[in-house]
Peer 1: 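Structure below; questions to follow.
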Amino acid sequence: MRESHLGQITRWANFVRSNPEWREAHNEFINALFDSHEKIIKTLLKTKHGKKKIIKLYGIKNTKGYDWLNHKKTKKMH
Amino acid sequence: MEREVKNLNILSQFCEDFCTIINKHCKYIVVSGFVAIASGRTRGTEDIDLIMERVDFNRFKTIFADLKRSGFVCMQSADVKEIYDYLTENLSVRFTRKNKPLPEMEVKFAKDELDNYQLNTKVKLELTGLGVWFSNINVNLAFKEELLKSPKDLEDAKHLRIVYSELVNEKEINEIKKMIKRLRL
């Protein structure tokens, strides 16, 4: 493990241990990852072969299970 | 419902919604990376790993129907028998909400003595703010340090050792590491 990175992990873990406010920053971080991902998926769905790429990317075999993969025109990821 | 006032992030809410359903029907545990993430580790993941007790087909059909009714879809198949067959062959199946490809819940049946040990020593972790069952911290540390060993896993272990220092039991960790060597390596 890189020493500087290990130091950063240790500092953050100690902060989590002693400061209840860690959760707010952590929630923002996790939500931002998924918000960003959702934007990319929506953009990808609008591109040529976008649906096929998503199906391949996530190994979706049950394509009928997902309404948003079955619309002619892309959409409806809520 | 309690979770509405908890201010959970997307991943934690997904986990709690899924586990609330499973918990009505059988024993389960959330394992691996999400244990560290829910405990404050700042890294991304696309899936949460869950081990459930082995149930018979009729019981699984009830669980699957409940998941479906609650808006979860299996990525591999819509056929409950096929999904059950995956599980009994010790393969994992993945569930998502029907309107999103992520996050995923990767589900496996307990397959050996080590998984049963985890189910029997499950814990709730107050720090996470979640009401779900996790595999205990010493099991997580043993897996990450003895079996998985990637930089990401070793960093997770470092984080867990600090935030749960009062729960760390080296004797139990060593016993589990022996079990891992015997059953998984």
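Residue numbering restarts at 1 for every chain, and letters A, B, ... go by the order of the sequence lines.
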Peer 1: Identify the heavy atoms of Phe34(A) and Thr45(B) that sit nearest to each other, and give their distance.
Peer 2: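 Heavy atoms of Phe34(A) and Thr45(B) come nearest at CZ-O, 3.5 Å.
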
Peer 1: Any chance NZ of Lys68(B) has more than 12 other-residue heavy atoms, nucleotides or ligands included, within less than 6.0 Å?
Peer 2: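 Incorrect, the count does not exceed 12.
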
Peer 1: Report the distance from atom CD1 of Ile60(A) to atom CZ of Arg94(B), rounding to the nearest 0.5 Å.
Peer 2: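 If I round to the nearest 0.5 Å, the distance is 8.0 Å.
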
Peer 1: Side chain, backbone, both or neither: which part of Ser77(B) has an atom under 4.5 Å from a heavy atom of chain A?
Peer 2: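 For Ser77(B), backbone heavy atoms alone lie under 4.5 Å from chain A.
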
Peer 1: For the atom pair CD1 (Ile10(B)) and CD (Glu38(A)), what is the distance rounded to the nearest 0.5 Å?
Peer 2: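 Answer for the CD1-CD pair, Ile10(B) versus Glu38(A), is 7.0 Å.
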
Peer 1: What option among Arg97(B), Arg161(B), Glu166(B) has the most heavy-atom pairs under 4.5 Å with chain A?
Peer 2: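 Most pairs with chain A among the choices: Glu166(B).
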
Peer 1: Atom CD of Gln13(B) and atom CD1 of Ile30(A): how far apart are they, to the nearest 0.5 Å?
Peer 2: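 Reported to 0.5 Å precision, the distance equals 14.0 Å.
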
Peer 1: Are Leu44(A) and Ile55(A) in one and the same hydrophobic cluster, where Ile, Leu, Val, Met, Phe, Trp and Tyr link if side-chain heavy atoms are under 4.5 Å apart?
Peer 2: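 Hydrophobic grouping puts Leu44(A) with Ile55(A).
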
Peer 1: With clusters defined by side-chain heavy atoms of hydrophobic residues (ILVMFWY) lying less than 4.5 Å apart, directly or transitively, does Ile48(B) cluster with Ile37(B)?
Peer 2: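 Same cluster: Ile37(B) reaches Ile48(B) through Ile, Leu, Val, Met, Phe, Trp or Tyr contacts under 4.5 Å.
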
Peer 1: Is it the case that over 12 heavy atoms from other parts of the model lie below 6.0 angstrom from the NZ atom of Lys177(B)?
Peer 2: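 Atom NZ in Lys177(B) is crowded, with more than 12 foreign heavy atoms closer than 6.0 Å.
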
Peer 1: Counting only heavy atoms not in Lys39(A), do more than 12 sit closer than 6.0 Å to its NZ atom?
Peer 2: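 Result for NZ/Lys39(A): open.
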
Peer 1: Give a yes-or-no answer on whether the side chains of Tyr66(A) and Thr96(B) include a donor-acceptor pair shorter than 3.5 Å.
Peer 2: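 There is such a pair between these side chains.
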
Peer 1: Give, for atom OH of Tyr58(A) and atom CG of Leu102(B), the distance between the pair rounded to the nearest 0.5 Å.
Peer 2: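 Reported to 0.5 Å precision, the distance equals 4.0 Å.
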
Peer 1: Report whether Trp133(B) and Leu8(B) are members of the same hydrophobic cluster (ILVMFWY, side-chain heavy atoms less than 4.5 Å apart, transitive linking).
Peer 2: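 Both belong to a single hydrophobic cluster.
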
Peer 1: Is Ala38(B) in contact with chain A via its backbone, its side chain, both, or neither, using a 4.5 Å heavy-atom distance?
Peer 2: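 Ala38(B) touches chain A through backbone heavy atoms alone.
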
Peer 1: Are more than 12 heavy atoms from other residues, nucleotides or ligands located less than 6.0 Å from atom CD of Glu126(B)?
Peer 2: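 For Glu126(B), atom CD is not crowded (no more than 12 foreign heavy atoms under 6.0 Å).
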
Peer 1: In terms of heavy-atom contacts, does NZ of Lys48(A) have more than 12 from other residues, nucleotides or ligands at under 6.0 Å?
Peer 2: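 Result for NZ/Lys48(A): open.
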
Peer 1: Check Phe29(A) against Arg43(B) and note the closest heavy-atom contact, atom names and distance.
Peer 2: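 Looks like CE2-N, 3.5 Å.
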
Peer 1: If you count heavy atoms of other groups shown closer than 6.0 angstrom to CD of Glu24(A), is the number above 12?
Peer 2: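 Counting neighbours around CD of Glu24(A), 12 or fewer heavy atoms of other residues, nucleotides or ligands fall under 6.0 Å, so no.
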
Peer 1: Is the side chain of His26(A) donor-acceptor paired with the backbone N or O of Ser39(B) at a distance under 3.5 Å, no angle test?
Peer 2: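 No, His26(A) side chain to Ser39(B) backbone: no donor-acceptor pair under 3.5 Å.
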
Peer 1: Once rounded to the nearest 0.5 Å, what's the spacing between atom NZ of Lys98(B) and atom CG of Asp67(A)?
Peer 2: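 Between Lys98(B) NZ and Asp67(A) CG, I get 6.5 Å after rounding to 0.5 Å.
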
Peer 1: Under a 3.5 Å distance rule, please check whether Arg23(A) uses its side chain to pair with a backbone N or O of Asn7(B) as donor and acceptor.
Peer 2: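 No, the answer is negative, given that no donor and acceptor are paired below the 3.5 Å cut-off.
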
Peer 1: Does one hydrophobic cluster hold both Ile63(B) and Val107(B), with members joined at side-chain heavy-atom distances below 4.5 Å?
Peer 2: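 Yes: a chain of side-chain contacts under 4.5 Å links Ile63(B) to Val107(B).
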
Peer 1: What I'd like to find out is whether the side chain of Arg17(A) reaches to under 4.5 Å of the side chain of Leu127(B), using heavy atoms alone.
Peer 2: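 Not touching, per the 4.5 Å side-chain cut-off.
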
Peer 1: Going hydrophobic residue to hydrophobic residue with side-chain gaps under 4.5 angstrom, can you get from Met105(B) over to Val73(B)?
Peer 2: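 As far as the 4.5 Å side-chain criterion goes, Val73(B) and Met105(B) are connected within one cluster.
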
Peer 1: Testing the basics here: between Trp68(A) and Lys100(B), what is the closest heavy-atom pair and its distance to 0.1 Å?
Peer 2: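 What the structure gives for the nearest pair is NE1-N, 3.6 Å.
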
Peer 1: Rounded to the nearest 0.5 Å, what separates atom CE in Met75(B) from atom OG1 in Thr63(A)?
Peer 2: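 Interatomic distance, Met75(B) CE to Thr63(A) OG1, rounded to 0.5 Å: 11.5 Å.
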
Peer 1: Using non-hydrogen atoms and a 4.5 Å limit, figure out which bit of Ser18(A) sits close to chain B: side chain, backbone, both or neither.
Peer 2: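 Interface part for Ser18(A): neither.
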
Peer 1: Between Ile162(B) and Ile9(A), does the side chain to side chain contact (heavy atoms under 4.5 Å, CB included) criterion hold? Intermediate values first, please.
Peer 2: CA-CA 10 Å; Ile162(B) 294 171; Ile9(A) 287 167; 5.9 Å; no

Peer 1: Less than 4.5 Å to any heavy atom of chain A: does that hold for the side chain of Thr128(B), its backbone, both, or neither?
Peer 2: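 For Thr128(B), the contact with chain A is made by the backbone alone.
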
